[in-house]
Amino acid sequence: MDLPLLWFILIAVLWTGYLVLEGFDFGVGMLLEKVGKGDKGRRVALNTIGPVWDGNEVWLLTAGGATFAAFPEWYATLFSGFYLPLLLILVALIVRACAIEWRGKINSETWRSRWDWAIIITAWIPSILWGVAFANIVRGVPIDENGTFTGTLWTLLNPYALLGGATTLALFLSHGAIFLSLKTAGEVHDRARAAAKTTAPFALVIAAAFAIWTQLAYSVTWTWAAVAIAALGLVGAWLWGNAGSYGKAFAANAIAIVGAVVLIFGSMYPDVMPSTTDPAFSLTVDNASSTDYTLTVMTWVAVVLVPVVLLYQGWSYWVFRRRLSLEHMPEQHGFPTLRKSKASA
């Protein structure tokens, strides 16, 4: 296997890790108001991802860094052409981080409510836009002979891409609901279980439509296997979720996301950025890659560091494996609000 192909596969693996792990973070955020029903309930939901959400985002940083180093032409065209959607995702991730960290700093219901809505909104935005971005990469975008994106924002908002956005949204909602069902007890668990029963069939229908469209319009024969894996995963997540086997349901939903990523990257190859202007202008694994020396150094770094990261992240999930309930939440503390009431003024 040559090095450009190896790094194309490794980048697919990094995106798989990000979408599987950050996917349930986004799902928890989108469901925060529905499953929380009160400050303690929302704190239970947030504490299920509290020890891991920032570690999950490392997969995004690594995927972006690997793309920049291994395929600089791909990175340049992608980030210039998709500038506004990626900027919105970046802003959403920054605001979400602030919201998670700051919501409990001041002992005020108004303060916490505003940050809770910030968490909800900034979970919905990336959940949709990641699907829009990946669908456009599969479909292709207008690129000229210099590798420059020549379209507009409206070019990216085509029906296929919007269906891709609905697919990632549905998958993350289901993933988050199943994760909450697995990680909580009591009232929050009951509401999460109800959400999982609702979102799982919705995700199955939307993802099936996107997968079949992708396979018939843009893919190759062998990726039917990825479609089948994703379908079996979503069916398994639905059935095991209804049966109360949330560990199996979560694993099945993760396998469905793996199948979706294989379908996306398998449909792209050998392109990394297809051109709808002229296929000859497409960026490919070969013409967009770095030198063999750069890829060799990157490979040795990955061999040494990736196992360490995986071991640490696995250990953190093991340490924080217990279910949470309202009884585990102490009374809210924080700095008192500085705003004086009219009565005391």
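Keep in mind that the numbers below use all heavy atoms, side chains included, and drop hydrogens, waters and symmetry copies.
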Kindly indicate whether the side chain of Lys37, heavy atoms from C-beta on, has any atom under 4.5 Å from the side chain of Arg191.
yes
Side chain of Arg43, backbone of Lys40: donor and acceptor closer than 3.5 Å?
no
Tell me, do Arg323 and His189 make a side-chain contact under 4.5 Å, heavy atoms counted?
yes
Work out which heavy atom in Gly266 is nearest to a heavy atom in Val220; give both atom names and the distance.
O-CG2, 4.3 Å
Would you indicate whether the side-chain heavy atoms of Glu57 and Glu22 approach each other to under 4.5 Å?
yes
Who are the ring-ring contact (aromatic ring centres under 6.0 Å, His included) partners of Trp53, not counting sequence neighbours?
none
Roughly how far, to the nearest 0.5 Å, is the CG atom of Leu169 from the CG atom of Leu162?
12.0 Å
Can you list everything that forms a salt bridge (charged side-chain N to carboxylate O under 4.0 Å, His left out) with Glu73? Sequence neighbours excluded, please.
none
For the side chain of Ser174 and the backbone of Leu171, is there at least one donor-acceptor N/O pair under 3.5 Å apart?
no
Which atom pairs, one a donor and one an acceptor, fall under 3.5 Å between side chains of residues 132-144 and the rest of the protein, sequence neighbours left out?
| from | atom 1 | to | atom 2 | distance (Å) |
| --- | --- | --- | --- | --- |
| Asn136 | OD1 | Asn158 | ND2 | 2.9 |
| Asn136 | ND2 | Val132 | O | 2.9 |
| Asn136 | ND2 | Leu156 | O | 2.8 |
| Asp144 | OD1 | Asn146 | N | 2.9 |
| Asp144 | OD1 | Gly147 | N | 3.2 |
| Asp144 | OD1 | Thr148 | N | 3.0 |

Which heavy atom in Ala118 sits nearest to a heavy atom in Ala99, and how many Å separate them?
CB-CB, 4.1 Å
Smallest separation among heavy atoms of Phe71 and Ser290, with atom names
N-OG, 4.3 Å
N/O donor-acceptor pairs under 3.5 Å from side chains in residues 234-249, not counting sequence neighbours:
| from | atom 1 | to | atom 2 | distance (Å) |
| --- | --- | --- | --- | --- |
| Asn242 | ND2 | Trp238 | O | 3.4 |

Closest approach of Leu32 and Ala45, non-hydrogen atoms and distance?
CD1-CB, 3.9 Å
Kindly give the heavy-atom pair with the smallest separation between Ala288 and Leu283, and that separation in Å.
CB-CB, 4.2 Å
I'd like to know whether CD of Glu109 has more than 12 heavy-atom contacts from other residues, nucleotides or ligands below 6.0 angstrom.
no
Determine whether Leu19 and Leu90 fall in the same hydrophobic cluster, where Ile, Leu, Val, Met, Phe, Trp and Tyr are linked whenever their side-chain heavy atoms lie under 4.5 Å apart.
no
Is the distance between the ring centroids of His175 and Phe26 under 6.0 Å?
no
Donor-acceptor contact below 3.5 Å, side chain Ser181 vs main chain Ala177:
yes
Going by heavy atoms in the side chains, are Arg114 and Arg103 under 4.5 Å from each other?
no
May I ask you to decide if Trp111's main-chain N or O and Ser108's side chain share a donor-acceptor pair within less than 3.5 Å?
yes
Can you name the residues that form a side-chain contact (heavy atoms from CB on, under 4.5 Å) with Tyr75, not counting sequence neighbours?
Thr67, Phe68, Phe79
Ignoring hydrogens and geometry, is there a side-chain-to-backbone donor-acceptor pair from Ser282 to Pro279 under 3.5 Å?
yes
Minimum-distance pair of heavy atoms, taken over all atoms of Gly259 and Ile229:
CA-CG2, 4.4 Å
Intermediate values then yes/no, side chain to side chain contact (heavy atoms under 4.5 Å, CB included), Ile119 and Leu46:
CA-CA 10 Å; Ile119 293 170; Leu46 289 175; 3.9 Å; yes
Donor-acceptor pair, Asn287 side chain versus Thr284 backbone, under 3.5 Å?
yes
Go through the side-chain N and O atoms of Tyr18 and Thr62 and say whether any donor and acceptor fall under 3.5 Å apart.
no
Hey, can you pull the donor-acceptor pairs under 3.5 Å for the side chains in residues 295-310, sequence neighbours left out?
| from | atom 1 | to | atom 2 | distance (Å) |
| --- | --- | --- | --- | --- |
| Thr296 | OG1 | Asp292 | O | 2.7 |
| Thr299 | OG1 | Trp7 | NE1 | 3.0 |
| Thr299 | OG1 | Leu295 | O | 2.7 |

Would you mind writing out the side-chain donor-acceptor pairs for residues 197-213 within the sub-3.5 Å range, not counting sequence neighbours?
| from | atom 1 | to | atom 2 | distance (Å) |
| --- | --- | --- | --- | --- |
| Thr198 | OG1 | Ala194 | O | 3.1 |
| Thr199 | OG1 | Ala195 | O | 2.9 |

Distance from Phe24 atom CZ to Ile257 atom CD1, nearest 0.5 Å?
10.0 Å
On the ring face of Trp115, is Arg112 found with NZ or CZ under 6.0 Å from the centre and within 45° of the axis?
no
Would a 4.5 Å heavy-atom cut-off, applied to side chains only, mark Leu6 and Asp2 as touching?
no
Sequence neighbours excluded - side chain to side chain donor-acceptor pair (under 3.5 Å) pairs with any residue from residues 301-313:
Asn56-Gln313, Trp59-Gln313
Please collect all side chain to side chain donor-acceptor pair (under 3.5 Å) contacts where either partner lies in residues 254-271, sequence neighbours excluded, each pair once.
Ser219-Ser267
Residues at least two apart in sequence or cross-chain that pass side-chain contact (heavy atoms from CB on, under 4.5 Å) with Thr48, listed by chain then number, are Val28, Phe179, Leu180, Lys183, Thr184, Leu324
Would a single hydrophobic cluster contain both Leu31 and Ile121, if residues Ile, Leu, Val, Met, Phe, Trp and Tyr are joined by side-chain heavy-atom contacts under 4.5 Å?
yes
Quick one: salt bridge (charged side-chain N to carboxylate O under 4.0 Å, His left out) partners of Asp286, sequence neighbours excluded?
none
For Val95, which fellow cluster members are found when Ile, Leu, Val, Met, Phe, Trp and Tyr are connected by side-chain heavy-atom distances below 4.5 angstrom, either directly or through intermediates?
Tyr83, Leu87, Val91
Please determine whether side-chain hydrogen bond (donor to acceptor under 3.5 Å, both in side chains) holds for the pair Thr291 and Thr294, giving the CA-CA distance in whole Å, both sets of side-chain angles, and the decisive distance to 0.1 Å.
CA-CA 5 Å; Thr291 64; Thr294 300; 3.1 Å; yes
Decide yes or no for Met268 and Phe8: does some side-chain heavy atom of the first lie under 4.5 Å from some side-chain heavy atom of the second?
yes
Min side-chain heavy-atom separation Gln215-Leu263 under 4.5 Å
yes
Can you get from Val58 to Val52 by hopping between Ile, Leu, Val, Met, Phe, Trp and Tyr side chains that sit under 4.5 Å apart?
no
To the closest 0.5 Å, what do you measure between CG (Leu86) and CH2 (Trp130)?
6.0 Å
Among the clusters formed by ILVMFWY side chains lying less than 4.5 Å apart, do Leu21 and Leu61 turn up in the same one?
no
Linked, directly or transitively: Ile94 and Trp117 (ILVMFWY side chains, under 4.5 Å)
no
Side chains of Trp315 and Phe320: closer than 4.5 Å at any heavy-atom pair?
no
Between Leu93 and the options Leu88, Leu60, Thr122, Ile125, the side-chain contact (heavy atoms from CB on, under 4.5 Å) test singles out Leu60
